[in-house]
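Below is one structure; the comments refer to it alone.
Each chain gets a letter, A, B and so on, in the order its sequence line appears, and its residues count up from 1.
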Amino acid sequence: MTSDRPVRVRFAPSPTGRLHIGGARTALFNWAFARRHGGRFLLRVEDTDTERNTDESLHSILNSLRWLGLDWDEGPEVGGEFGPYFQSQRKSLYQQAIDRLLAEGKLYRCFATPEELQELRERQMAAKEDLRYDRRFRDLDPGEAERRAAAGEPFVLRFAVPDGEEIVIPDLIRGEVRFRSEEVEDWVAVRANGMPTYNFVCVVDDAAMEISHVLRGEEHLINTPKQVLLFRALGMEEPLFGHVPLILGADGKKLSKRTGDTALEDYRSKGYPPEALFNFLCLLGFSIDDKTDVFGPEELVSAFDLKRVNKAGAVFDLDKLHWLCGDYIRRTEAAELASRCLPWLQQAGLVEGEPAAELQSWLVDLAAAMRERLQSYQELPEKAAFLFQDGVEPDSKAAKALAGEEARRLVEGMRQKLETLEPFPPENFAAVAKAFAEEHEVGMGKVMKPTRAALTGSLGGPDLGQVLKLLGREQALKRLRQAAART
RNA sequence: GGCCCCAUCGUCUAGUCUGGCCUAGGACACCAGGUUUUCAUCCUGGCAACGGGGGUUCAAAUCCCCCUGGGGUCACCA
């Protein structure tokens with residue numbers, strides 16, 4: 001079931017919105033397949049819907065793909081021998097195919113108005129019949145059709161689906177899928193405005209671009225018989241197909257805005273690491289083996305196999321994504337993490353402009369201290385805000401820890417102790433704290449809890465030695481003094 | 001509703017093609033312990049699945065049939 005043609009696969013987005021999670025995964029699988037087999041991965045822009053295309057969408061989609069780490073061998077911005085890669089620029093190619101098929105009677109004019117078709121659908125619905133075009137213009141005399149067209153009557157071109165054929169699609173993921181041609185309606189191949197539709201251009205281009213494998217979402221399975229019939233009408237070799245399962249929302253239905261963020265960009269702007277998204281998308285419908293779930297592009301490429309792509313839909317599990325994000329962040333070098341988090345710190349107004357060297361190295365320390373507590377870059381400003389302020393207001397738990405004579409006395413004692421120490425903070429704060437506790441004949445908890453509350457305003461956060469370092473001598477002592485003075 | 005696809009822990013999955021090694025493995029989440037100055041991390045343990053019914057076979061999660069359930073699609077969108 002493998003083709004002997006060179007591997008050429010494509011991802012064909014339509015620039016009518018941002019890149020959907022499902023599309024991203026489809027692109028990813030195509031990319032992996034091409035890289036695995038030493039083939040070419042191309043991008044083709046399906047911009048036949050002139051009403052809804054926007055330039056902004058196109059750039060958003062390309063940026064999302066790049067952010068994920070996918071590169072393409074042919075397509076927008078890189079060119080290639082099979083271009084142009086925008087369908088809006090390939091009209092003459094389509095026109096040749098249209099003319100030929102029309103002359104051969106494989107395409108015919110249909111003069112039914114949208115209203116008439118709507119009426120047909122309603123009638124079929126009422127009669128509980130199948131909703132399908134009734135071929136009312138299929139047998140119209142060609143000369144008559146020609147005359148009406150010449151007279152300016154609007155028409156679409158429909159594909160004359162042959163009767164009595166069984167279309168067998170040897171799907172690389174699902175096995176053989178069969179359709180009877182009677183089930184396939186005479187679909188619209190060319191709109192009244194002359195622009196051919198998706199099913200038409202897709203086939204003409206896949207043929208012209210010598211696409212060897214079409215890997216796409218399962219929602220396209222139903223289009224496949226139409227396309228196969230067109231390949232045959234054109235006398236072109238069909239590619240092999242592989243329909244990947246859908247990505248589902250928490251409700252078990254096709255992922256939609258109802259159940260969460262559907263655009264890859266949403267995750268980017270929320271500060272999810274791209275490596276984690278890449279990894280997570282792979283896990284939705286693909287597995288390397290029975291125990292590997294953290295892996296990157298190289299491992300994917302060397303292991304990718306359509307036989308290991310699942311047939312059933314996969315629910316997009318945010319919990320697991322978050323865990324993966326945290327895992328990637330924990331394994332990120334502090335300097336790298338600091339620079340990745342910078343845009344979010346700037347956005348939150350905690351850092352103005354490009355940080356100078358001193359601030360930069362402070363940010364690296366910050367990243368190192370917070371690394372184990374983050375699941376996204378976006379969380380840093382919120383979780384580290386207490387380090388950026390002058391003074392700190394204790395939350396309710398911290399206030400409780402600071403209440404009472406003893407707590408205040410210990411905080412003040414700690415302040416005095418730290419004030420005398422050089423350098424600041426001490427090399428080993430833990431040892432200092434321990435000695436302090438023994439000195440005052442109390443447990444570590446009695447010391448650390450109020451000290452932490454005073455310094456951070458909460459009962460959580462990084463190691464106190466790190467907090468001291470990040471706060472600096474003056475600010476740390478100030479917070480201890482204020483807490484001790486609080487009544 | 002017609003057509004098409006699918007079916008292992010709550011979720012992602014391994015195992016299914018090439019029946020036996022499966023008293024069904026891993027991961028997330030969850031629960032319980034441990035380490036730690038707190039939180040987090042980390043470590044240990046636990047909970048938890050072959051949708052149902054028929055076959056075939058010495059043997060079925062694995063093969064066949066039916067049922068049930070879920071999903072996709074029925075545009076001059078892609």
A correct 5'-to-3' footprint of nucleotides 64-78 of chain B, with B, S and - meaning base, sugar-phosphate only and no protein heavy atom under 4.0 Å, is -------SBSSSBBB
Report which part of the nucleic acid A/G443 touches: base, sugar-phosphate, or nothing (heavy-atom distance under 4.0 Å, all strands). nothing
Between A/V315 and A/D130, which has a closest nucleotide on RNA chain B that is more 5'? A/D130
Ring pair (Phe, Tyr, Trp, His ring centres under 6.0 Å) partners for A/F200, two or more places apart: none
Counting any heavy atom closer than 4.0 Å, what does A/R178 reach on the DNA or RNA strands: base, sugar-phosphate only, or nothing? sugar-phosphate
Kindly give the atom pairs (protein nitrogen or oxygen, nucleotide nitrogen or oxygen) under 3.5 Å for nucleotides 24-32 of chain B.
from, atom 1, to, atom 2, distance (Å)
B/G25, N2, A/D290, O, 3.0
B/A27, O4', A/D293, OD2, 3.0
B/A27, O2', A/D293, OD2, 3.2
B/A27, N3, A/K320, NZ, 3.2
B/C28, O2', A/K320, N, 3.3

Kindly write out the residues that satisfy ring pair (Phe, Tyr, Trp, His ring centres under 6.0 Å) with A/H220, not counting sequence neighbours, or none if the list is empty. A/Y198
Ring pair (Phe, Tyr, Trp, His ring centres under 6.0 Å): which pairs involve residues 238-258 of chain A, sequence neighbours left out? none
Can you pull the salt bridge (charged side-chain N to carboxylate O under 4.0 Å, His left out) pairs that have at least one residue in residues 318-335 of chain A, sequence neighbours excluded? A/D327-A/R330, A/D327-A/R331
Ranking A/V309 and A/G445 by the position along RNA chain B of their nearest nucleotide, the one closer to 5' is A/V309
Using ring pair (Phe, Tyr, Trp, His ring centres under 6.0 Å) as the criterion, list what pairs up with A/Y267, not counting sequence neighbours. A/Y272, A/F316
Suppose we screen for ring pair (Phe, Tyr, Trp, His ring centres under 6.0 Å). Which residues come up paired with A/F155, at least two apart in sequence or across chains? A/F111
Sequence neighbours left out, what pairs pass side-chain hydrogen bond (donor to acceptor under 3.5 Å, both in side chains) with at least one residue falling in residues 424-443 of chain A? A/K417-A/E439
d(CG, A/N279; P, B/C12) in whole Å: 16 Å
Are there any protein N/O atoms within less than 3.5 Å of an N/O atom in nucleotides 15-22 of chain B, and if so, which ones and at what distance?
from, atom 1, to, atom 2, distance (Å)
B/G15, OP1, A/R308, NH1, 3.2

For nucleotides 46-51 of chain B, read 5' to 3', which letter fits each nucleotide if B means a protein heavy atom sits under 4.0 Å from the base, S means only the sugar-phosphate is that close, and - means neither? ------
Which pairs of donor and acceptor atoms, one on a side chain in residues 396-403 of chain A, lie under 3.5 Å apart (sequence neighbours left out)?
none

